[in-house]
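Presented below is the structure to which this report refers.
When reading the values below, keep in mind they use all heavy atoms of this one structure, side chains included, and skip hydrogens, waters and symmetry mates. Numbering of residues begins at 1 and proceeds along the displayed sequence.
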Amino acid sequence: QVQLVESGGGLVQAGGSLRLSCAASGRTGSNYAVGWFRQAPGKEREFVAAITWSAGNTNYADSVKGRFTISRDNAKNTVYLQMNSLKPADTAVYYCAAGPLSPYPALYNYWGQGTRVTVSS
């Protein structure tokens, strides 16, 4: 079992920045990735970014490339999502998940409870 806890969401104006954190505990190991997904009201959950725990390989959705940066701190068992130049379209509940490095949420086994991000225009 892996437990994931997100934090860092909030209300920000368009053009602003937020940093989300995903703290992992339990049976964590090197052979998995942590992904960030988001779900806006009335929409399906979509991939944002992912990083492998060991090598730090990353993958981003086209909609966030150049604005969001995913990173990890192995010593703290924490993955971060730095979000810059935020847009109202980024408004959603953001979830972190543990699984393979993939953009498909169905492949991730463990999920956090989510943190809400609201970007005002």
Side-chain angles (χ1 to χ4, degrees):
Q1 289 283 342
V2 176
Q3 293 80 41
L4 302 168
V5 179
E6 303 97 332
S7 61
L11 173 65
V12 64
Q13 288 188 333
S17 298
L18 280 176
R19 189 178 78 159
L20 306 183
S21 299
C22 174
S25 61
R27 295 185 63 181
T28 59
S30 61
N31 294 326
Y32 74 98
V34 172
W36 284 99
F37 295 81
R38 65 188 182 186
Q39 188 164 18
K43 295 188 176 181
E44 293 187 354
R45 192 166 297 189
E46 66 172 357
F47 172 73
V48 175
I51 187 167
T52 58
W53 201 255
S54 55
N57 296 323
T58 59
N59 191 17
Y60 293 92
D62 289 342
S63 59
V64 306
K65 280 181 182 177
R67 299 189 299 123
F68 292 11
T69 302
I70 191 170
S71 62
R72 88 270 192 234
D73 184 330
N74 291 32
K76 295 182 178 180
N77 271 358
T78 300
V79 171
Y80 303 99
L81 184 68
Q82 178 66 43
M83 306 186 296
N84 299 328
S85 301
L86 283 161
K87 306 173 182 180
D90 296 316
T91 295
V93 177
Y94 283 71
Y95 300 89
C96 66
L101 183 65
S102 169
Y104 302 108
L107 298 182
Y108 285 74
N109 305 106
Y110 303 99
W111 291 83
Q113 82 289 350
T115 185
R116 185 175 300 277
V117 172
T118 303
V119 184
S120 63
S121 58

- prompt: Which residues pass the side chain to side chain contact (heavy atoms under 4.5 Å, CB included) test with E44, sequence neighbours left out?
  reply: none
field: For K43, all residues meeting salt bridge (Lys or Arg N to Asp or Glu O under 4.0 Å), sequence neighbours excluded
entry: none
- prompt: Pairs in or reaching into residues 41-94: which pass disulfide bond (SG atoms under 2.5 Å apart), with residues at least two apart or in two chains?
  reply: none
query: With Y95, which residues qualify under ring pair (Phe, Tyr, Trp, His ring centres under 6.0 Å), at least two apart?
result: none
field: Set of residues satisfying side chain to side chain contact (heavy atoms under 4.5 Å, CB included) with respect to N109, sequence neighbours excluded
entry: none
message: Is any side-chain heavy atom of W53 closer than 4.5 Å to one of N77?
response: yes
field: With sequence neighbours excluded, residues passing ring pair (Phe, Tyr, Trp, His ring centres under 6.0 Å) with Y80
entry: none
same_hphob_cluster(F47, V93) at 4.5 Å side-chain heavy-atom cutoff: yes
Option among V79, V64, I51 that satisfies the side chain to side chain contact (heavy atoms under 4.5 Å, CB included) test with W36: V79
Which atom pairs, one a donor and one an acceptor, fall under 3.5 Å between side chains of residues 14-24 and the rest of the protein, sequence neighbours left out?
residue	atom	partner	partner atom	Å
S17	OG	N84	OD1	2.9

Can you give the donor-acceptor pairs under 3.5 Å from side chains of residues 114-121 to other protein atoms, not counting sequence neighbours?
residue	atom	partner	partner atom	Å
T115	OG1	G9	N	3.1

task: Identify the two heavy atoms, one from Q113 and one from L4, that lie closest to each other, and give their separation to 0.1 Å.
output: OE1-O, 3.8 Å
- prompt: Which side-chain hydrogen bond (donor to acceptor under 3.5 Å, both in side chains) pairs, counting each pair once, include a residue from residues 56-65, with sequence neighbours left out?
  reply: D62-K65
query: Tell me the salt bridge (charged side-chain N to carboxylate O under 4.0 Å, His left out) pairs involving residues 81-104, sequence neighbours left out?
result: R38-D90, R67-D90
task: Enter the distance from Y32:OH to T52:OG1 here, rounded to the nearest 0.5 Å.
output: 11.0 Å
query: If only atom types and distance count, is the side chain of R72 paired as donor or acceptor with the main-chain N or O of A33 below 3.5 Å?
result: no
- prompt: Is the side chain of T78 donor-acceptor paired with the backbone N or O of K76 at a distance under 3.5 Å, no angle test?
  reply: yes
- request: With sequence neighbours excluded, give me every ring-ring contact (aromatic ring centres under 6.0 Å, His included) pair touching residues 102-121.
  value: F37-Y108, F37-W111
- request: If a pair satisfies salt bridge (charged side-chain N to carboxylate O under 4.0 Å, His left out) and one of its residues is in residues 3-17, list it, with sequence neighbours excluded.
  value: none
